[in-house]
Structure formats: C-alpha cells, structure tokens
Number of protein chains: 2
Amino acid sequence: MASQVSSENWMPENSRLEILQAAAESFEQRGFSATSIDDVARMLGCTKGRIYHHFGSKADLFAAVFRLGMEMNFAAVEPLTHTDASAADKLRMMAEEHVRQMVTTKSFQRVVWEGVELLMRGALTPEQRDECLRLQQSRKRYSALFRAQMKQAKADGALHYDDLSVATQVLFTCLNSPVFWYRPRIADLRKDQDAVIEQVVRFGLNGLGLKEG
Amino acid sequence: MASQVSSENWMPENSRLEILQAAAESFEQRGFSATSIDDVARMLGCTKGRIYHHFGSKADLFAAVFRLGMEMNFAAVEPLTHTDASAADKLRMMAEEHVRQMVTTKSFQRVVWEGVELLMRGALTPEQRDECLRLQQSRKRYSALFRAQMKQAKADGALHYDDLSVATQVLFTCLNSPVFWYRPRIADLRKDQDAVIEQVVRFGLNGLGLKEG
DNA sequence: TGTGAGCATACTACTCGGTATGTTGTCAAC
DNA sequence: GTTGACAACATACCGAGTAGTATGCTCACA
C-alpha cells in the first residue's frame, strides 16, 4: 500500500507524519484497544521511545490520527459549500469528494469512524475531555455542512426524505461504507475508485429521494 | 433496557442465555478486546467461574453471541423468501424484518457487525478456524438471500443498480446502520421503531434505484 | 451418602501502557 | 575544535489489568 501521506523532503515534522501513517494502518487493522504501541513501533521498525517522544499517550496518538483525518475531509469538502450551484448539486459534489476521501485515505477514515464510536460511548478519560469535545465539535461542524444542503435541497423539492436526523445518519453510514469493504485494485486504480465512488454517491442521493434529471 | 431474550422459566439452559445477553451488551458497549470477562461477570453480579463453566474462552463466548444473532436474523428473514411475491416486494419485506432485528436485538447485531469485521481481518486463532469458517458461511448464506432477490428484481426492471457486489455492501451497511445510532425512545416504542424502520428501508431501496409504485 | 452440575475463590503467567534513564548525532557559541 | 546542550530516539523496567486454570464449595438428586 503506497503511503497516503506525502513523504518527500525528509525533515523534522516528517517523522511525526510517518508515525501517524503507521498508527492509522495499525488502528485500521485491529482497532484502538487491540492495537499496542509496540505494534505501531514494529510497523515502523523502531521502538516505543520514538512514539512517546512525539505523543503523550496512546489516546493522544489516536486523537491525532482522528484530527488529521477530519482535517483532510474539511479540506476536500468545505470549499465546495461556497460555490454557487443548487443545493442538490452541491450535495452531490460534496458527497463525491467525501467518498473519495474514504477510499484514498481509508486508514485515517476508518480511525475517524472508530473515534466517533468511542466519543458516542464516552470511553475517554476526563483529563482529555476538552480535546474530546473539540473533536466532537469538529465532527458536528462537518456533519452540519451536509445537513444544510440537505435541508435546502428538500425545500427546493429536489430531495424527499422524512426526518433530517435519521436521513443524515443513514447517509453518512452509506457514504462511509467503503472504509469497511473497499479493497483497491492494483490495475486501473483511478478508474476503479471513480466507479465505486459514483455508485456509492448515487446510492446515497437516491436514498435521500433525489429526483433524477 | 428490557431483556432482549425471553427470560421466563428459570431453568437450566436459561443461565447460559443470561450470560449471552450480558455479553452482547458488554461487547456492544466496549467492543471485543476492550471487554474483559470480568466486565461481563460484573454485569451479571457473578464471577468468571460461571462464564468459563459455560464457555471455553472469551472468543467462544463472542462466537456464541455472534451465532445467536445470526440465528435470529435467519428466523426473521428466511421464511419470507418462500412467499410468492415479486422479487422487489420480497426484498422490501426482508429488508423490513432485517432492520427490525437491528433495532430490537441491537446488542447482538452490533456484535455480529464486529464479528464480520474480525472475520474479514482474520484475527482469530487457527484452532478455531472451523468455527470461524462456519460463521463466515452463515454470514454468506444470509447475504445470498438478499442478493438473489436483488438480482431478480433487477432482471424484472424494478431495480437499477450497477455492480451487484458494491450494491450489496452498501445496502447492508445502510440497513445495519441503526446498530450504531438508534436509541430507543421510552414512549411510543413500537411506533418509534416502525418509523425508523420505514425510513431506513426506503433509503435502502431507493438507493438501489427502486421505481416507486 | 456420594456424585456431579453449577458455580466461587485463589492463583498464575503474560501483555501492555507508561516512565525513567541511557545513547547518539547535530549544531551553536566561544 | 572543543564543549555544552538539546532533539530524537533506544533500552530497561515497573505496575496494573486480564485470560485462563486449578481447586474448593454447595446443593439437588439419585
């Protein structure tokens, strides 16, 4: 699997990114609690010392992966909200870029998913409550980007869902689903990704009751 | 939360069921590896001895919860495949009963989800490989029930999805989604459940390109 | 009265998060 | 060019938690 994070220019901050990449893959494969710090270190060919030099704890490392994943999502999707197009068209573009994130930065997005689950269960220590809340706020803000377009598109008569909260939950679960089952094909990588993205987005928008054409 | 497993008739096999129920709720809340056998025992107000008397290992306990969850799904869905109705109508009824399982036996179904993930990552010991394979086969058989109707409904011109495998993955992720976000309301329980089920099923079928009416 | 199911108790071996400390290379200042 | 200082690790170690086991206890029932 080629590195999902640019790794040219071997400089200071780069070591930290390399750790985040390995942590994302480890957490993706075994989940948070089944992944040991030594697992991540072994994947990097180093020892715990290096990891604890950059991150205060296992939870901090996990949170950093979560944060980076969310940042990549915002960077991909937020600009689209400022274009002038119909809410339905904006929603389609946002969904496409979101799903593209799911397949191109899958490890990080799988961690984001587990992070959301952990936040829902409130399984983190109170000493990290503020960081915890910031992540939750970030997640909510991101979700709100989509909710706004969904609401407007329904008002425009382009969508026909019932309850906004339920629709949002199902839509995100649907759009996020590639993090569970997508496996990149070696050949025709870009074409393969585009085909999957198109199908998932179509499923999601049709699920929201989109009137085609 | 009222017991999801019938608990009248306090007799021999019942102790085992009570353990399975507690295990399902524990695994649901913290996941497999973050749940200790002592956690389950504490929830039951007993000690490990009782659990290890009925189950050989933590993995065995997890597998038993998984198996029971799948059995409940089969019991709810498989009879519908034998009725004579259009493939699209059968698929709708199957989806409704499937989602009903997700909300009424949520703990078990959340464990089934994690079990599928663990199977995909192949994270179990080789000594339990046969049990592992049986669970996987069970899961595949269940999925095939839906795939068959999806295929027929597409041939009938009632559905319009592209790739069957992708469509199946997204559909199941969508139909299963209540295990992550559904929280039962105390009042109007049945009405609340029915409303959620209807919305999720509609999302899923529309996602598959169902022609309404 | 003994026999085994159905547990509880006590204990072991081991993993893993976290810390304390040692080592090395780099770089700046004199 | 020597030295101090600090970043960036590696090594060694500790303590808590936990899966699994070995054994003890009790009560129903034959």
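Order of the sequence lines fixes the chain letters, A, B, ..., with proteins taken first and strands second; residue numbering starts at 1 for each chain.
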For dG6(C), does OP1 or OP2 lie under 4.0 Å from any side-chain N or O of Ser15(B)?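 Result: no.
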Side-chain N or O of His53(B) less than 4.0 angstrom from OP1 or OP2 on dA8(C)?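 False: His53(B) side-chain N/O out of range (4.0 Å or more) of dA8(C) OP1/OP2.
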Take atom [atom1] of [X] and atom [atom2] of [N], then tell me their distance rounded to the nearest Å.
X	N	atom1	atom2	value
Arg16(B)	dC7(C)	CZ	C1'	16 Å
Asp38(A)	dA10(D)	CG	C1'	13 Å
Phe55(B)	dA19(D)	CZ	C1'	16 Å
Leu17(B)	dG6(C)	CG	P	14 Å
Arg50(A)	dG22(C)	CZ	P	23 Å
Asn14(B)	dG6(C)	CG	P	12 Å
Leu44(B)	dA8(C)	CG	C1'	14 Å
Asp39(B)	dG17(D)	CG	P	12 Å

Going by modelled atom types, is there a donor-acceptor pair between the base of dA10(D) and the side chain of Lys48(A) at under 3.5 Å?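 When only heavy-atom distances are counted, Lys48(A) does not reach the base of dA10(D) through any donor-acceptor pair under 3.5 Å.
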On the side chain of Lys58(B), is there an atom forming a donor-acceptor pair with the base of dG20(D) - under 3.5 Å, no angle test?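 Answer is no: no donor-acceptor pair is held.
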Would you indicate which nucleotide in dA10(D), dA8(C), dG17(C) comes nearest to any side-chain atom of Ile37(A)?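 Of the options given, the side chain of Ile37(A) lies nearest dG17(C).
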Proximal nucleotide (of dA10(D), dT21(D), dG17(C)) relative to the Tyr52(A) side chain: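 For the Tyr52(A) side chain, the nearest candidate turns out to be dG17(C).
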Within the 3.5 Å criterion, strictly below it, is a donor on Gln21(B) or Glu25(B) matched to an acceptor on the partner's side chain?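 Present: a donor and an acceptor within the cut-off.
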Between Asp39(A) and Arg42(A) (salt bridge meaning N to carboxylate O under 4.0 Å), is one present in this structure?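 Result for this pair is yes, salt bridge flagged.
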Ion pair Arg134(B)/Asp130(B), N-O distance below 4.0 Å: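 No.
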Does any part of the side chain of Gln169(B), heavy atoms only, come nearer than 4.5 Å to the side chain of Phe180(A), both counted from C-beta?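 No, their side chains stay 4.5 Å or more apart.
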Ser36(A) near the nucleic acid: base, sugar-phosphate alone, or nothing, with a heavy-atom cut-off under 4.0 Å?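 Ser36(A): backbone/sugar contact only, no base atoms under 4.0 Å.
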What is the nucleic acid contact for Thr35(A), judged by heavy atoms within less than 4.0 Å: base, sugar-phosphate only, or nothing?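 Thr35(A): backbone/sugar contact only, no base atoms under 4.0 Å.
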Shortest non-hydrogen contact from Leu164(B) toward Lys151(B):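 Looks like CD2-CD, 4.2 Å.
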